[in-house]
Structure formats: structure tokens, C-alpha cells
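Input: a single structure, listed below in C-alpha cells.
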Amino acid sequence: MWGWFIVIFAGIWLLQIMLTKVQLKNYQATIKKMSNRSSGYLGVGIQKQKLGIGVIAIAVTDDDGVIVECQLMRGVTVFSRFERFTEYDGLHMEQVKARLDQEDGVQAFKMAFEKIEGQMEKKTNLAV
């Protein structure tokens, strides 16, 4: 009886590891695709929840801070994937940050914009 329990537990654990690797490959492919620009800045933000849905946001801006593209992953399982988020496209980062402060928006975008601002201060470009 206990032997079957251990075998089933080990199988579920290995399945979790394999699905996590698939999700990690999706994350890396999304970052690589979004960073494939001649100029601009990329920022990644994470909003973790102890219980509930976590969020990962990836934002790309041009050299002036205007948002070019955003991707968002929400979910609790390893089946979550990045989806295009077009609500902020074409807006300046500062406009979006002000909007997020007023409506208690996604903290992941705030973190992504802070990382982009850090890159802008250092004047490091996305393209290598």
C-alpha cells in the first residue's frame, strides 16, 4: 500500500518538475523575443501572493519612456502563459505609474517601470 503511495507521489513530483521547465522555457523565450529590439529598455516585475493569483509583467519602452509592448502572465499553475497586454501601449511610463497609484493597479508593472528607470539613469540600452 505505501509503495504505491510513494510511486504516485514521485510521479506527480516529476510531472511538476517537467511542467515547471516548460514554463521556464516560455518565460525565457518571451524575454528573448521582447529584448530583440535595436533600442529601448526592458523591465520585469513580479507580484507574489501568499494565497491567490501571482502576476509577472514585462514592459518594453523606447528611449523616451513611451511603452512599446507589454506582456502579462497571471495564474496559480504552471499552465499560465504570457499574453499581450495592450492597455498601456503608446502611453508614457509616468502616465501609467500615476494611473496605477490611483486605482491600486498591478504592482508588477510598478516594479517593471522602476527597473526601466534604473536602466535609463545608467543609460544602458536594451540592444547588445
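Throughout, residue positions are numbered sequentially from 1 according to the sequence presented. Model, not experiment: these values are computed from the prediction. Side chains included, hydrogens not; waters and symmetry mates left out as well; all remaining heavy atoms used.
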| task | Over 60° means perpendicular and under 30° means parallel, so classify the ring planes of Phe85 and Phe109, tilted if in between. | result | tilted

| query | Can you tell me how far the OH atom of Tyr88 sits from the CD1 atom of Ile67, to the nearest 0.5 Å? | reply | 8.0 Å

| Stepwise side-chain contact (heavy atoms from CB on, under 4.5 Å) check, Met111 with Ile56 | CA-CA 10 Å; Met111 182 185 291; Ile56 299 176; over 6 Å; no

| message | Please give me the minimum heavy-atom distance between Cys70 and Ala59, naming the atom from each residue. | response | SG-CB, 4.1 Å

| What's the spacing between Gln23 CD and Leu19 CG if we round to 0.5 Å? | 9.0 Å

| Under a 4.5 Å side-chain heavy-atom rule over Ile, Leu, Val, Met, Phe, Trp and Tyr, are Leu72 and Leu91 clustered together? | yes

| task | Anything under 30° is parallel, anything over 60° is perpendicular, the rest tilted; go ahead and classify Trp2 against Phe5. | result | perpendicular

| remark: Scanning both residues in full, the closest heavy-atom pair of Ala108 with Ala57 reads CB-CB, 3.7 Å

| message | Working to the nearest 0.5 angstrom, can you tell me the gap between Ile12 CD1 and Ile17 CD1? | response | 12.5 Å

| request: For the pair Arg37 and Asp62, find out whether any cationic side-chain nitrogen is under 4.0 Å from an anionic carboxylate oxygen. | output: no

| query | Near Glu94 CD, under 6.0 Å, is it more than 12 heavy atoms from other residues, nucleotides or ligands? | reply | yes

| task | Decide yes or no for Met73 and Ile46: does some side-chain heavy atom of the first lie under 4.5 Å from some side-chain heavy atom of the second? | result | no

| note | In this structure, CD of Gln95 is separated from NZ of Lys97 (nearest 0.5 Å) by 12.5 Å

| query | Does Val66 share a hydrophobic cluster with Leu42, counting links as ILVMFWY side-chain heavy atoms below 4.5 Å and allowing steps through other members? | reply | no

| remark: Closest non-hydrogen atoms of Asp64 and Met120, given as atom of the first, atom of the second and distance, are C-CE, 3.9 Å

| said: To the nearest 0.5 Å, what is the distance between CG on Leu15 and OG1 on Thr20? | reply: 9.0 Å

| Straight-line distance of Gln71 CD to Met34 CE, nearest 0.5 Å | 5.0 Å

| request: State whether the side chain of Gln47 and the backbone N or O of Val55 hold a donor-acceptor pair below 3.5 Å, judged by distance alone. | output: no

